[in-house]
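Below is one structure, written out as structure tokens, with a few remarks after it.
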Amino acid sequence: MAASITVYLENTPYRTAAHNGRHTVYFDEPIDAGGGDTAPDPTEMLLASLGSCSLITMLMYASRKGWKIRSARVELSEKAERTPEGWNTVIQRQIFLEGELDESQQERLLHISKRCPVAQMLTGSIAIETNLNIQDSSANATLPAL
């Protein structure tokens, strides 16, 4: 499934809004980075996307199988470091499930969590194609001062 998002600046430095045609989600930077800390930063939202996708995928699978899960949560953190070859990033994902699951069901759900679409995207090959489009500066659009 192809996704399409439009991200635009708000009237506050570094605060952005991402809109998919149906929903709007906000991003910001912490105060110590010059933002207003009014929303999660982009890295936190990336981790939230992975955690949400993991849970949704596991719960859909468990539901189809008739497995009982009473509660579920995912805790994520990341550590990135710059090397001469580029960035190395490690994401730690801890999954907590409460339910009546035997060992084989637990192993299957762990496997399924690794197969969620966001995990597959992040662990697969990613290419980012970027184009810069300059709009006529006589337009009335103004960006907030940074």
Side-chain angles (χ1 to χ4, degrees), residues 1-65 67-101 103 105-135 139-146:
M1 171 194 325
S4 178
I5 299 284
T6 300
V7 179
Y8 51 90
L9 276 173
E10 295 261 293
N11 289 325
T12 304
Y14 304 126
R15 183 176 162 95
T16 60
H19 187 70
N20 70 351
R22 297 178 317 280
H23 309 285
T24 302
V25 184
Y26 298 93
F27 299 79
D28 201 351
E29 287 292 328
I31 291 172
D32 64 357
D37 199 24
T38 62
D41 71 35
T43 300
E44 292 167 334
M45 292 297 268
L46 177 69
L47 294 176
S49 293
L50 175 59
S52 295
C53 187
S54 300
L55 274 183
I56 291 167
T57 302
M58 288 186 307
L59 293 174
M60 286 177 155
Y61 185 86
S63 178
R64 282 194 305 270
K65 295 289 190 179
W67 299 349
K68 304 292 184 213
I69 296 177
R70 287 185 294 280
S71 70
R73 79 176 193 277
V74 178
E75 294 178 3
L76 298 110
S77 62
E78 62 83 29
K79 182 177 180 186
E81 62 184 350
R82 177 173 266 166
T83 69
E85 296 80 34
W87 283 94
N88 286 333
T89 303
V90 175
I91 296 175
Q92 290 287 328
R93 176 174 46 178
Q94 296 290 321
I95 301 169
F96 300 88
L97 299 176
E98 182 184 334
E100 301 165 16
L101 301 167
E103 191 172 322
Q105 291 169 325
Q106 293 171 34
E107 289 175 18
R108 185 68 183 148
L109 288 172
L110 178 60
H111 174 76
I112 292 297
S113 74
K114 296 174 185 178
R115 305 284 303 150
C116 81
V118 173
Q120 290 184 53
M121 182 187 305
L122 292 173
T123 58
S125 174
I126 297 176
I128 300 173
E129 299 173 359
T130 305
N131 297 303
L132 177 63
N133 299 290
I134 304 297
Q135 295 180 344
N140 290 332
T142 59
L143 298 177
L146 299 178

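At most 12 heavy atoms of other shown residues, nucleotides or ligands fall within 6.0 angstrom of atom CZ in Arg82.
Among residues two or more places apart in sequence or in another chain, the side-chain hydrogen bond (donor to acceptor under 3.5 Å, both in side chains) test is passed with Ser71 by Glu98. Not a single side-chain hydrogen bond (donor to acceptor under 3.5 Å, both in side chains) links Thr89 to another residue, sequence neighbours left out.
Nearest heavy-atom pair, Thr57 versus Pro117, reported as atom, atom and distance to 0.1 Å: OG1-CD, 3.8 Å. Of all non-hydrogen atoms in Ala62 and Leu109, the two that sit nearest each other are CB-CD2, 4.3 Å. Across all their heavy atoms, Gly35 and Asp28 have their closest contact at CA-OD1, 3.6 Å. In plain terms, the two heavy atoms of Leu76 and Gly51 that are nearest each other are CD1-CA, 3.5 Å.
Considering OH of Tyr14 and CG of Asp37, their distance stands at 14.5 Å, rounded to 0.5 Å. Atom CZ of Arg93 sits about 8.0 Å away from atom CG of Leu110, to the nearest 0.5 Å. Taking OH of Tyr61 as the reference point, atom CD1 of Ile69 lies at 11.0 Å (rounded to 0.5 Å). One distance of note links OG1 of Thr38 with CD of Glu10; it measures 8.0 Å at 0.5 Å rounding. Within the model, atoms CG of Leu50 and SG of Cys116 stand 5.5 Å from one another, a figure rounded to the nearest 0.5 Å.
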Which side-chain N or O atoms in residues 119-131 pair as donor and acceptor under 3.5 Å with protein atoms at least two apart or in another chain?
{"unit_1": "Gln120", "atom_1": "NE2", "unit_2": "Arg115", "atom_2": "O", "d": "2.3"}
{"unit_1": "Thr123", "atom_1": "OG1", "unit_2": "Ala119", "atom_2": "O", "d": "2.8"}

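Between Glu75 and Arg73 there is a salt bridge, since a side-chain N of the basic residue sits under 4.0 Å from a carboxylate O of the acidic one.
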Can you list the steps and then say if Ser54 with Val118 is a side chain to side chain contact (heavy atoms under 4.5 Å, CB included)? CA-CA 8 Å; Ser54 300; Val118 173; over 6 Å; no
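No donor-acceptor pair closer than 3.5 Å links the side chain of Ser63 to the backbone N or O of Leu59.
For the pair Met58/Ile95, a side-chain contact is recorded, criterion being any heavy-atom separation below 4.5 Å from C-beta on.
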